[in-house]
Amino acid sequence: MKKITASLYFLFALFIGANLLSCSSSKSTSGSMSVNQVVMTDMKFAPESITISVGSTVSWHNLENKTHTATANDGSWDTGDMGLGASKSIKFDKPGTYKYHCTHHSVLGIGMSGTVIVE
């Protein structure tokens with residue numbers, strides 16, 4: 001049973017990874033902004049830092065069998081608890097540097113943390 005479960009997790013991660021690689025963080029030809037992707041895996045955010053344009057959305061995807069959050073250090077936004085396979089998105093309308101962490105796996109910015117830079 002463990003081998004089957006591990007195989008399913010691998011296939012799920014492979015499927016999500018392939019879909020993430022096909023995403024772009026640039027403007028589409030229609031002028032709309034595409035979604036920027038961050039995955040939660042190996043007890044970290046990947047990428048740890050992401051730079052986006054004003055008005056863009058960042059989508060977090062949990063690829064682990066652990067509950068995670070993406071929570072602004074200043075408390076201004078929070079994805080809430082996300083289990084395996086969950087995705088949540090946040091739109092950033094103002095320029096700035098937004099540091100965030102997982103409330104379950106970070107203490108005082110040490111541990112599972114990341115940065116969204118909005119230009």
Side-chain angles (χ1 to χ4, degrees):
M1 185 68 170
K2 285 185 180 181
K3 190 172 189 175
I4 292 172
T5 303
S7 296
L8 289 175
Y9 284 136
F10 173 76
L11 289 174
F12 178 75
L14 187 62
F15 172 77
I16 292 294
N19 284 320
L20 295 178
L21 288 175
S22 68
C23 293
S24 167
S25 62
S26 61
K27 272 194 171 181
S28 69
T29 54
S30 66
S32 63
M33 295 302 291
S34 58
V35 176
N36 300 277
Q37 310 291 319
V38 175
V39 295
M40 301 161 165
T41 185
D42 297 326
M43 295 294 289
K44 60 185 170 192
F45 296 105
E48 187 175 315
S49 179
I50 187 168
T51 301
I52 63 172
S53 300
V54 171
S56 294
T57 299
V58 175
S59 183
W60 284 267
H61 304 276
N62 186 358
L63 301 182
E64 299 197 276
N65 196 16
K66 293 179 177 66
T67 300
H68 294 301
T69 71
T71 306
N73 287 1
D74 66 4
S76 61
W77 52 267
D78 186 357
T79 61
D81 284 348
M82 298 170 55
L84 175 65
S87 296
K88 301 275 178 86
S89 298
I90 304 287
K91 184 176 180 185
F92 292 86
D93 291 322
K94 296 181 183 176
T97 298
Y98 300 88
K99 296 199 175 279
Y100 65 93
H101 63 281
C102 173
T103 58
H104 301 293
H105 303 107
S106 178
V107 177
L108 300 173
I110 299 171
M112 195 171 171
S113 60
T115 305
V116 176
I117 301 165
V118 183
E119 299 178 329

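The shown structure was predicted, so the numbers you read here are calculated from the model rather than taken from an experiment.
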Just so I know, are the side chains of N73 and H101 near enough to count as touching, which here means a heavy-atom distance under 4.5 Å? yes
Quick one: side chain to side chain contact (heavy atoms under 4.5 Å, CB included) partners of T115, sequence neighbours excluded? S49, T97, K99, I117
Any residue meeting ring pair (Phe, Tyr, Trp, His ring centres under 6.0 Å) with F92, in chain and number order, not counting sequence neighbours: W77, Y98
Among all residues two or more places apart in sequence or in another chain, which pass the ring pair (Phe, Tyr, Trp, His ring centres under 6.0 Å) test with H105? H68
Any donor-acceptor N/O pair, E64 side chain to D42 backbone, under 3.5 Å: yes
Would you say the side chain of V39 lies within less than 4.5 Å of the side chain of Q37, judging by non-hydrogen atoms? no
Side-chain donor-acceptor pairs of residues 82-90 under 3.5 Å, sequence neighbours excluded:
unit_1 : atom_1 : unit_2 : atom_2 : d
S87    : OG     : H61    : ND1    : 2.4
K88    : NZ     : T79    : O      : 3.1
S89    : OG     : S59    : OG     : 3.2

Please list, chain by chain and in numerical order, all residues satisfying side chain to side chain contact (heavy atoms under 4.5 Å, CB included) with T67, sequence neighbours excluded. D81, H104
Does some side-chain heavy atom of M112 sit less than 4.5 Å from a side-chain heavy atom of M40? yes
Using modelled atom types and a 3.5 Å cut-off, is there a donor and acceptor pairing between side-chain atoms of S56 and backbone atoms of S53? yes
Contacts of D74 that satisfy side chain to side chain donor-acceptor pair (under 3.5 Å) - sequence neighbours left out: S76
Could you tell me the separation between the OG atom of S113 and the CD atom of E48, rounded to the nearest 0.5 Å? 5.5 Å
Kindly indicate whether the side chain of T57, heavy atoms from C-beta on, has any atom under 4.5 Å from the side chain of N36. no
Are Y100 and V54 connected in a single hydrophobic cluster, I mean Ile/Leu/Val/Met/Phe/Trp/Tyr linked by side-chain heavy atoms less than 4.5 Å apart? yes
For V118 and K94: C-alpha separation, side-chain torsions, deciding distance, then whether side chain to side chain contact (heavy atoms under 4.5 Å, CB included) applies. CA-CA 7 Å; V118 183; K94 296 181 183 176; over 6 Å; no
For a quick test of reading the model, state the closest non-hydrogen atom pair linking G114 to F45 and the distance between them. N-CD1, 4.0 Å
